[in-house]
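The structure under discussion appears below in the form of structure tokens.
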Amino acid sequence: MRKSAWAFAFCLLALLETGCASAAGPVPQSVGSLEPTEASLHIEALADAPPPAVEEVVETEDVQEPEEPDEAAPALDLEEVRVLRFEDVPAEDPRAGCIGYAALRGWMQGVDGDRFDPDGFVTRAGLMTVLHRVGGGEVSETILISFQDTDTDAWYTQAVSWAVETGVASGEADGSFAPDGRVTREQLAVFLYRFAAQGEAPTGGLENYLDGASVQPYAREAMAWALEKGLLAGIVGDTIHSLLPVSRAQLAQVLTVLAARSEEEPAACALAEEISPAAAESVSRARHQEIQEKVEAVASKYGAAGVQVAVIEDGRVSDAYAWGWATKGSDRMTPDHKTRAASITKVGVAMAAMALYEDGTISLDESIGTYWGVTVKNPYYPDDPVSVRALLTHTSSIPVLDDDASQARWAVQDRLQSGGFSQTRPGAVSSWRYNNYAYGVLGQTLEIASGKFLDDVMEEHFWEIMEIDGAFESGNVKNKDLLCTVYQYGGVGRSLSAMKSNTRRYSPPGATGAYFSGGLTMSAVDLGKMTALLANDGRYEGLQLLKASTVELMEQRCASPLPDGTWQALGLRSQDSLYGRNTLYYHTGSAYGVFNCMSYDPETRDGVVVLTSGASGVKDERGIYAVCGEISRYIYNVIA
């Protein structure tokens, strides 16, 4: 090993053991822009590829004597840290202090002028650049990187070269480095362990975490070390979620805690003390058996063949329950089995619409003819656009057509440009008609506008990140072995073979709208994750996947209630004083024998998802399927 590499290792050991040295260089006078390429840290992972592996590097060079560590840098002034501001990190953001600290240490910088992009995802190349700075920015003597997907003159070349030299990182078995690959939590733990621990082994394991067994073998020791040191205190609660990507703000928090633990740097110590625990205690888990017994009693009361339930507390899926059969006589129901969501599909379509709205791909208020390439206008109200917003709120004035009406693109386009609309004003509450056909048109519009299948839109913005296995066509889920038979009350509504064979048979995107009113298929746990995202103002496990303002827009009620006293929002329904809560947002669904309901309380960030098969479809006094309503009411009371 080169002398400089051993000097680096010695410095880190001294830093960890005595706290007398700083891993950063001089405090910068101002916060400048990051390299142009790093401004796009919010990138997509390679399609259908697993997270990049982090493999061991074998050192073969001679061992040299270590050098003495540098003198410690002066401590930062906490007030100076607190006043540092980026335009996208307001003072009230609890992450602001750690972001300011990482910036003043010179470890992380802005991505575009005065923006920090706190919710952008950290890439492998970006993390190597940051760790290189934390390590002092040592100049690498090996600037030629032999990875097939890296450049020798890229902004990250020095950092990646340094990381490979020092054993912090290495490439893939296929000769790639994946510089743009998102860094997962377990990868971050491994990189930090190699960077900072220098052989220091953890004293405990991962057995105290609900999903500790799911951490991959290569990362288990590193993850145990990172958790033991408290480096992930603001990210990990009782569940690790090891494959979730890491945001830039989360990395700033981790680096601040690292400085507090290893250097005992005063400002870092003060900021580390302010980091809130990642998760509160779960009431539902504490009363799991009681809730399980209630689920079983209600399922039996309404004759269900199978039931799945997911509970959301404080914006997280906290517990799940199951009863009965996924397929009678052969496959017991679990919370992870996949069934038809029915009309809850419309919430998924609405989330896709809001993601594309955030991207600037669609407008909520322009005529959808903009995307179809034809004139779409209600001849009775030519100045009122038939818009995405009108489709989301069932006020489009598109006629409510039967299920046998063709939803092929050519047939839909003919109807749209022929002026065959009802004599109601587009967008007016008085025009509200629950309209499955119009939601098919909405799904097609989104596919045409984006040039992508809606499954891919959801995968890109939500499902891959949240580890959700879902599809708008049941046969397109990844794990078909978890599909359920759909039972009707006293019979079979959709056989298991039909569920498995229902795959996408159309191309290109927008060719049909057949799946967008009720085809979404996933488990109660996965639908619970989507519900948790909405309940938590677009944030999932610390990752902002939809802006809070976008979720607020999605929850915006129409100007007046519907005739039955409920309210329509953008893809969601809403009622007040429901199940003991001031306001609940929800959606129900029924098809082929499933009776389902998802709901959440935006004030408390709690929620309940109930998916059933084969139960009676009788409704309660609030118009919700009683089998779902009784379970939901009980759980809301318990977790209150």
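Everything numeric in this text was worked out from a predicted model, so none of it was measured.
In terms of heavy atoms, Pro602 sits closest to Thr583 at CD-O, 3.6 Å. Ser474 and Ala498 make their closest contact through OG-O, 4.4 Å (heavy atoms, listed as atom of the first residue, atom of the second, distance). Here the closest heavy-atom approach between residue His337 and residue Leu483 is recorded as CD2-O, 4.2 Å.
For the side-chain contact (heavy atoms from CB on, under 4.5 Å) with Lys338, the lone residue among Leu527, Asp469, Leu611 that qualifies is Asp469. The side-chain contact (heavy atoms from CB on, under 4.5 Å) with Thr612 is formed by just one residue from the set Val594, Val309, Val307; it is Val307.
For an aromatic pair to be called close, the ring centres must be under 6.0 Å apart, and Phe86 with Phe116 satisfies this.
Shown here is Glu552, whose CD atom has no more than 12 heavy atoms of other residues, nucleotides or ligands within 6.0 Å.
Using modelled atom types and a 3.5 Å distance limit, the side chains of Asp359 and Tyr357 yield no donor-acceptor pair.
Here Glu459 pairs with Lys478 in a salt bridge; the nearest charged N to carboxylate O distance falls below 4.0 Å.
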Between Glu473 and Thr521, does the side-chain contact (heavy atoms from CB on, under 4.5 Å) criterion hold? Intermediate values first, please. CA-CA 7 Å; Glu473 311 85 5; Thr521 302; over 6 Å; no

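Without hydrogens or angle criteria, Arg581 side chain to Tyr636 main chain gives a donor-acceptor distance under 3.5 Å.
Cation-pi geometry between Arg605 and Tyr600 is not satisfied (NZ or CZ under 6.0 Å from the ring centre, within 45° of the ring normal).
In this structure, Tyr586 has no ring-ring contact (aromatic ring centres under 6.0 Å, His included) partners at least two apart in sequence or on a different chain.
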